[in-house]
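To keep things clear, I will list the structure first and then write my remarks on it.
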Amino acid sequence: CDRKRRRLRLRGRDMRLNLGAPIRDLTMRYRPLGRTGQFVSEICLGTMTFHGGAGFWRNIGTLDQSAATALVARALEAGVNFIDTADVYSEGGSEVLLGQALAELKVPREDVIVATKVRGRTGPGPNAVGLSRGHIMDQIAGSLKRMKLEYVDLYQIHGFDPVTPLEETMRALDDCVSRGLVRTLGCSNLAAWQIMKAQGVAERRGFARFDLWAVRDLCVTLRGSAFARFARFNLFSPSSLWRRLGLSGSCSAVTFIVKA
């Protein structure tokens, strides 16, 4: 029992929850969103299962508008103030349902941190994918239109683009921030060396930098595995990243803020 209790501690604070208790009795904790001065709930609501669309996305989830709105309401009631989506989820359908849910629930804009992503293919054309300036500027406009928002709190690149120079990508992201379309930048599914190169470009050119690093399937058991060695040298090194970035790990449709 003592060993289990120790496992459920984070920074010396007991994380035990009575999962059978009414939702009002559970206390949500909040962590800094990188170095932004804002705080987000330790649990982030993922919306990959919203809408469904066709083909691949239909196999992931097919929540309609009423179900999506109910799920968002439940999360907000539990103290979640952090919601994540992406332009590719259900070919944009996830963003549409999320935006409509927030509108139906009349959520004050300052009470929720909305995150979305850019990088994946959004159309059949040769330029409808990647992290070029054209694709980034087109997709931030499309995301805002689908969600009926004036700005996105956290805009994340959804992977590495080996074709587009980092200078081009970081300049475009900086323009999104300076124009008020985006508040904070983040990255997802990048190796540590890729992040460090991007941060170096941002620092050298005076661009906005990444403040959150999302690592997919961080819940995979690391100890004594081949993935542990990969993670050590490609994900979590250099160790200075831990001091400069908020870190989140995802598992299915829920994201956990594990380091900030």
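Nothing fancy with the numbering, it's 1 onward along the sequence. As the structure is a computational prediction, the values presented were derived from the model and not from experiment.
When side chains are defined from C-beta on, Thr47 does not count as touching Asp84, because their heavy atoms never get closer than 4.5 Å. In this structure, Val72 and Ile83 have side chains that are in contact, with non-hydrogen atoms separated by less than 4.5 Å. Between Trp57 and Met48, the closest side-chain pair of non-hydrogen atoms falls below 4.5 Å. Considering only heavy atoms from C-beta on, Thr116 comes within 4.5 Å of Glu95 through its side chain. Considering only heavy atoms from C-beta on, Val114 stays 4.5 Å or farther from Leu154 through its side chain. Considering only heavy atoms from C-beta on, Glu91 stays 4.5 Å or farther from Thr122 through its side chain. Side-chain contact between Ile136 and Tyr155: present, with at least one pair of heavy atoms (C-beta onward) separated by less than 4.5 Å. Between Met147 and Leu98 the shortest side-chain heavy-atom distance falls below 4.5 Å.
For Asp161, the side-chain hydrogen bond (donor to acceptor under 3.5 Å, both in side chains) partners are Thr164, not counting sequence neighbours. Under the salt bridge (charged side-chain N to carboxylate O under 4.0 Å, His left out) criterion, Asp153 pairs with Arg109, not counting sequence neighbours. In this structure, the side-chain hydrogen bond (donor to acceptor under 3.5 Å, both in side chains) partners of Lys148, at least two apart in sequence or on a different chain, are Gln100.
Hydrophobic clustering (ILVMFWY, side-chain heavy atoms < 4.5 Å, transitive): Tyr151 and Leu212 are in distinct clusters. By the rule that hydrophobic residues join a cluster once side-chain heavy atoms approach within less than 4.5 Å of another member, Leu173 and Val129 end up as members of separate clusters.
Side-chain atoms of Ser143 never come within 3.5 Å of backbone atoms of Ile140 as a donor-acceptor pair (strictly under, hydrogens ignored). The closest donor-acceptor contact from the side chain of Asp87 to the backbone of Gly92 lies at 3.5 Å or more, if one exists at all. Panel note: side chain Ser41, backbone Val80; no donor-acceptor pair is recorded below 3.5 Å. In terms of modelled atom types and a separation under 3.5 Å, the side chain of Thr69 and the main chain of Ser66 share no donor-acceptor contact. A donor-acceptor pair under 3.5 Å is formed between the side chain of Arg121 and the backbone N or O of Gly123. The backbone N or O of Val118 sits nowhere less than 3.5 Å from a side-chain atom of Gln139 that would complete a donor-acceptor pair. Under a 3.5 Å cut-off, the side chain of Gln194 and the backbone N or O of Ala191 do form a donor-acceptor pair. Arg119 places a side-chain N or O within 3.5 Å of a backbone atom of Phe160 that can act as its donor or acceptor partner. Ser94 contributes no side-chain N or O that, together with a main-chain N or O of Tyr89, makes up a donor-acceptor pair within less than 3.5 Å. Of the possible polar contacts, one joining the Tyr30 side chain to the Gly79 backbone as a donor-acceptor pair under 3.5 Å is found.
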field: Derivation of the salt bridge (Lys or Arg N to Asp or Glu O under 4.0 Å) call for Arg204 and Glu167
entry: CA-CA 10 Å; Arg204 187 170 63 252; Glu167 287 81 358; 3.7 Å; yes

Using the side-chain contact (heavy atoms from CB on, under 4.5 Å) rule, take Phe50 and Val96 through it: C-alpha gap first, then chi angles, then the decisive distance, then the call.
CA-CA 9 Å; Phe50 286 12; Val96 172; over 6 Å; no

Step-by-step side-chain contact (heavy atoms from CB on, under 4.5 Å) determination, Met170 to Arg209: CA-CA 8 Å; Met170 298 308 292; Arg209 61 189 293 283; 5.8 Å; no

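In this structure, Gln38 CD and Asp211 CG are separated by 10.0 Å, a value rounded to the nearest 0.5 Å. To the nearest 0.5 Å, atoms CG (Leu190) and CE (Met196) are separated by 12.5 Å. Note that the OG atom of Ser132 and the CE atom of Met137 stand 11.0 Å from one another [nearest 0.5 Å]. Atom CZ of Arg146 and atom CG of Leu97 lie 12.5 Å apart (nearest 0.5 Å). Taken from SG in Cys187 to NZ in Lys117, the straight-line distance is 12.0 Å, to the nearest 0.5 Å. Between the CG atom in Asn81 and the CG atom in Leu76 there is a gap of 8.5 Å [rounded to 0.5 Å].
Annotation: Arg58, atom CZ; neighbour count of heavy atoms from other residues, nucleotides and ligands within 6.0 Å does not exceed 12. No more than 12 heavy atoms of other residues, nucleotides or ligands shown are found within 6.0 angstrom of CD on Glu150.
For the pair Arg31 and Phe39, the cation-pi criterion (under 6.0 Å, within 45° of the ring axis) is not fulfilled.
Here the closest heavy-atom approach between residue Leu166 and residue Ala198 is recorded as CD1-N, 3.9 Å. Taking all atoms of both residues into account, the shortest heavy-atom contact from Ala115 to Val152 is CA-CG1, 4.4 Å. The shortest non-hydrogen separation linking Ala202 to Ala208 is CB-O, 3.6 Å.
The one candidate from Asp138, Asp175, Thr169 that meets the side-chain hydrogen bond (donor to acceptor under 3.5 Å, both in side chains) condition with Arg133 is Asp175.
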